[in-house]
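Comments concern the structure below.
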Amino acid sequence: MTRVKTPSDEAEARAIQDELRRRVVLDEPGPEPGRGLVAGVDVAYDDARDLVAAAAVVLDAATLDVVAESTAVGQVSFPYVPGLLAFRELPTLLTALEALPVTPGLVVCDGYGLAHPRRFGLACHLGVVTGLPSIGVAKNPFTFTHAEPGAPRGESAPLLAADGSVVGRALRTQHGIKPVYVSVGHRVSLDNACAHTLALSPRFRIPETTRHADSLCRRALREAIGGAA
DNA sequence: GCGACAG
DNA sequence: ATCTTGTCGC
């Protein structure tokens with residue numbers, strides 16, 4: 001079983017990131033968009049009980065039909081610290097992923113990959129520890145900047161770090177609607193990551209993978225609380 | 001130095 | 001992330 005060591009403090013977490021970051025693979029194009037199986041993952045929290053519920057939903061990339069689902073509930077083991085999100089979400093997320101009856105060719109994370117203060121966001125971390133191709137699709141630009149993409153669906157602008165380096169892309173998934181922020185996680189090119197994101201978002205701003213995972217983890221959290229109360 | 005900052 | 005009903009629109 002894939003495990004993520006829970007750091008005892010932030011310094012240790014950063015040291016772990018530094019070590020795992022060396023294992024990120026960036027020279028593979030990744031799976032072909034619109035084919036195979038794509039998984040979406042997300043988590044929901046109950047702060048009062050320190051619970052975290054994770055969901056993994058697998059879609060047929062061609063039809064966007066749901067072919068498998070899995071959830072897991074665990075205790076929160078790390079605080080929310082911007083830049084260290086993976087240590088909070090990954091343990092439970094991996095449990096849900098491993099319980100899937102199939103292995104996806106790509107995992108779409110709700111958050112960042114290389115677009116990260118230390119170039120090792122949640123999607124990179126998940127990709128490295130599972131070995132699976134992964135990308136990050138976030139709803140906010142965090143500390144990064146970008147020019148306004150053209151209005152049509154499919155338009156994009158480079159997502160820039162403070163030092164000017166390109167860490168991802170602000171991608172318009174719906175005409176005239178706020179873009180999403182795509183970055184590479186592991187074993188996928190940025191072009192491919194954006195193509196997948198577009199293919200997964202035919203109707204709404206957020207990819208269907210993330211939408212399914214979001215509603216499923218919220219449901220799992222409600223049921224976990226309901227069963228305990 | 002302080003605040004902002006993926007979820 | 002989360003606090004949160006009805007309402008507007010396809």
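Lettering follows sequence order; numbering is per chain, from 1. Just so it is clear, the values below take in all heavy atoms, side chains as well, and ignore hydrogens, waters and symmetry mates.
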* Asked: In this structure, which one of Leu93(A), Asp110(A), Leu216(A), Thr209(A) forms a side chain to side chain contact (heavy atoms under 4.5 Å, CB included) with Asp42(A)?
  ->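 The option that passes is Asp110(A).
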
How many Å lie between [atom1] on [X] and [atom2] on [N], as a whole number?
X	N	atom1	atom2	result
Leu93(A)	dG7(B)	CG	C1'	11 Å
Glu89(A)	dA1(C)	CD	C1'	9 Å
Phe78(A)	dG7(B)	CZ	C1'	14 Å
Phe87(A)	dG7(B)	CZ	C1'	15 Å
His116(A)	dA6(B)	NE2	C1'	8 Å
Leu85(A)	dA6(B)	CG	C1'	6 Å
Lys178(A)	dA6(B)	NZ	P	10 Å
Arg118(A)	dA6(B)	CZ	P	17 Å

* Asked: Stacking check: are the rings of Tyr80(A) and dA1(C) less than 5.5 Å apart at their centres and under 30 degrees in tilt?
  ->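 No, the aromatic ring of Tyr80(A) does not stack with the base.
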
* Asked: Any luck finding a side-chain donor-acceptor pair between Ser189(A) and Asp191(A) under 3.5 Å?
  -> no

Look at all strands and tell whether [X] reaches a base, only sugar-phosphate, or nothing, counting heavy atoms closer than 4.0 Å.
X	answer
Leu84(A)	base
Gly83(A)	base
Asp42(A)	sugar-phosphate
Ala44(A)	sugar-phosphate

N or O in side chain of [X] less than 4.0 angstrom from [N] OP1/OP2:
X	N	answer
Lys139(A)	dG7(B)	yes
Arg218(A)	dT2(C)	yes
Asn140(A)	dG7(B)	yes

* Test: Arg218(A) and Asp214(A) ion pair at under 4.0 Å -> yes

* Asked: Is Glu10(A) paired with Arg14(A) through a side-chain N to carboxylate O contact shorter than 4.0 Å?
  -> yes

* 5'-most contact on DNA chain C: Asp214(A) or Arg203(A), nearest heavy atom basis? -> Asp214(A)

* Would you call the rings of His125(A) and Phe87(A) parallel, tilted or perpendicular if under 30° counts as parallel and over 60° as perpendicular? ->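 Perpendicular.
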
